[in-house]
Structures are given as C-alpha cells and as structure tokens.
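Written below as structure tokens is the structure these notes are about.
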There are 2 protein chains.
Amino acid sequence: MLTLKQDHSELVVLSVLAIGPSYGYAISKDIAARSDGHFKLSPSGMYPLLTKLEKNGLVTTGWEEVKAAGADPDSTGRRRKWYTLSDKGHKQLTKRIEHHRQVQSILDGFVMPSNQSAPESELANG
Amino acid sequence: MLTLKQDHSELVVLSVLAIGPSYGYAISKDIAARSDGHFKLSPSGMYPLLTKLEKNGLVTTGWEEVKAAGADPDSTGRRRKWYTLSDKGHKQLTKRIEHHRQVQSILDGFVMPSNQSAPESELANG
DNA sequence: AAGAATATATCCAGTTTCGATATATCCGAA
DNA sequence: TTCGGATATATCGAAACTGGATATATTCTT
C-alpha cells in the first residue's frame, strides 16, 4: 500500500472528477480500484480534501437523497454529496498536471541510475 | 521556482550525497545549479533535514576547520560540517527511488491527457 | 570599512497528516 | 428480526511538517 501525500491526493481526486461527477465514498473506491489497490484515500483524508476543493471553488456540490427500494417513506434516506469539477477546477487540474510533470522531469535529473552506484570519489575533505 | 516537499527534498539530498560527501551550503547551491534554479532548499529546510538524516543513520558527519589563506592563526576559522552517505543511506536511497518510480507509474494512470478533456460521460447517478 | 557571500543553526506560527472516532443508513444472512 | 458488514459523510487531535524570519560568525570583494 502506497500512501499518498496531499498534493498527490488532490491530483488524483481532481483527475477522477475530471471524468465525471462523483461522491466521497465512490471516489475512494475508484482510486483503490484504478490503482490495483496501491493507492488508498481514507475518509479522514478524503472529506477534508473535498471540503477544501469546494471552498476553493474547484468543485460544485449538491446533495442527493438515495431512496432505498423498499424503504420507509418517512425515512430521511441515505444522503450522498455529489462533487462536480468546475471550470476553475479543470483549469487547476491542467495546471497541476503541468507542474507535476515539470517537477518529475527535474527530479529525474537528480535521481538517475548512476546515482545508485560507486560513491568512491574522493572529492571531499581533500 | 518550484518548491520541494520534504519527501522530494530528502530524495534530492540523498541523491546529491550519493555522488560524494558534501555540506549544507554546498548541497543547497548544488541543487539550485543542477536544477537550473528551479529547485531551492533554504537553510531552514536544509539543516533540520540533514540533522534528521544524521539521526536516522543515513549519513555520517564530521567537522572541517576551513583555514583562510591569510587568516589569523589564532582564529577559530569557519567550520564546515561534512555529510557522507552511509551504507544504510545508500540502501534507503535505492528504496526511495524504487518507491518514487512506483508512485509515478501509478499516478500516471490517473493523470493521463484523456483526463483533461470532455467530462460528458453519464456514468454517474445510474 | 562596508557589504556581499559563505556557513550553520534555531524559532515559531501556521498547515498538514492520518489513525481514531462519531453518526447514520442499507442490505443480506442467519 | 436481529446482527454484522458495507455504504456514506464528517470531525478530532496529537504529531509532524513548512518556510520565512532570525541569530551568529567568518571570509571575500571593493
């Protein structure tokens, strides 16, 4: 199981929402499924993140009352909060992907296979 | 200027030290130079990080007294703390690179160009 | 002699992290 | 019909992290 940092979590959630509207629980299942169980975003990571996205205007939200098949008509029913990526969210995602790729490319300059071998050089303390 | 998160900072510092021993200020200049000024690790990020690496046994350290050319013989001189990647540090670096690549590869599954286009699909609410 | 560069290091207020916890509904099995 | 697992959203709080500001001291350049 690989743990996701906030930045990566946001990137993944925005990416999932770019496909279409969804809600917390479904997003979390989606992430687990689409990463073959390697990525996991727990409720305590998911909901503060979604709230933040909402506050920043990257998503719009709406409640759905999920009526059960044979449910008590008086029952409140299970509530589901849908998240839809806004225009701002789409732009933000594009921006983040760009940023992500740039960081990757520069990082790769440091993390080359050559770095893993012989540290025998004597360019110190001389 | 791209800001580095702790994880990336550690990866970069370990990578720099894999080439050979160095010290805080030099590492920070090295990172700026080797990233064309895109990455920056400030003193307040660098020294706590180096201390942590030392505490975790990923580096060994030693002080060097840097005598100036025409310096006062009684002068203490400038002190330089050298950091050398330990065996444990080398192993840790290899491990982190592996982890980094794995995260990248899975992340790329989410962040595909296709995600940036038309979110018209109706696979919600069904 | 002043100021920029070299060099290491801590402080601290704000943010992030993430397991634990709380609440409530729905569904299938015993 | 009752129990447990799955569905579903949300907060708490201790610990860790972040990064600008600050402190200290030496050396080089002008």
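Each chain gets a letter, A, B and so on, in the order the sequences are listed, and its residues count up from 1.
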Kindly give the atom pairs (protein nitrogen or oxygen, nucleotide nitrogen or oxygen) under 3.5 Å for nucleotides 16-23 of chain C.
residue, atom, partner, partner atom, Å
C:dT17, OP1, A:Q6, N, 3.0
C:dT17, OP2, A:Q6, OE1, 2.4
C:dG19, N7, A:S44, OG, 2.6
C:dG19, O6, A:S44, OG, 3.3

Measure from [atom1] on [X] to [atom2] on [N] and round the result to the nearest Å.
| X | N | atom1 | atom2 | result |
| --- | --- | --- | --- | --- |
| B:E65 | D:dT27 | CD | C1' | 14 Å |
| B:Y47 | C:dC12 | OH | P | 20 Å |
| B:Y25 | C:dA5 | OH | P | 8 Å |
| B:R80 | D:dT27 | CZ | P | 11 Å |
| A:L53 | D:dA10 | CG | C1' | 15 Å |
| B:L41 | D:dT18 | CG | P | 10 Å |
| A:K81 | D:dA10 | NZ | C1' | 10 Å |
| B:Y23 | D:dT27 | OH | P | 13 Å |

Separation between CG (B:D108) and CD (A:Q104), nearest 0.5 Å, reads 7.5 Å

- Message: I'd like to check B:V66 versus B:R79 (side-chain heavy atoms, cut-off strictly below 4.5 Å). Are they in contact?
- Response: no

Enumerate, atom names and distances included, each donor-acceptor pair closer than 3.5 Å involving a side-chain atom of residues 39-52 of chain B, sequence neighbours excluded.
residue, atom, partner, partner atom, Å
B:S42, OG, B:S44, OG, 3.3
B:T51, OG1, B:Y47, O, 2.8
B:K52, NZ, B:E10, OE2, 2.7

In terms of heavy-atom contacts, B:N56 and B:K88 come closest through O-NZ, 2.9 Å

Of D:dT7, C:dA9, D:dA10, the nucleotide closest to the side chain of B:Y83 is C:dA9

Query raised in the report: Does the A:S86 side chain pair with the main chain of A:G57, one donor and one acceptor, at a distance under 3.5 Å?
Result: yes

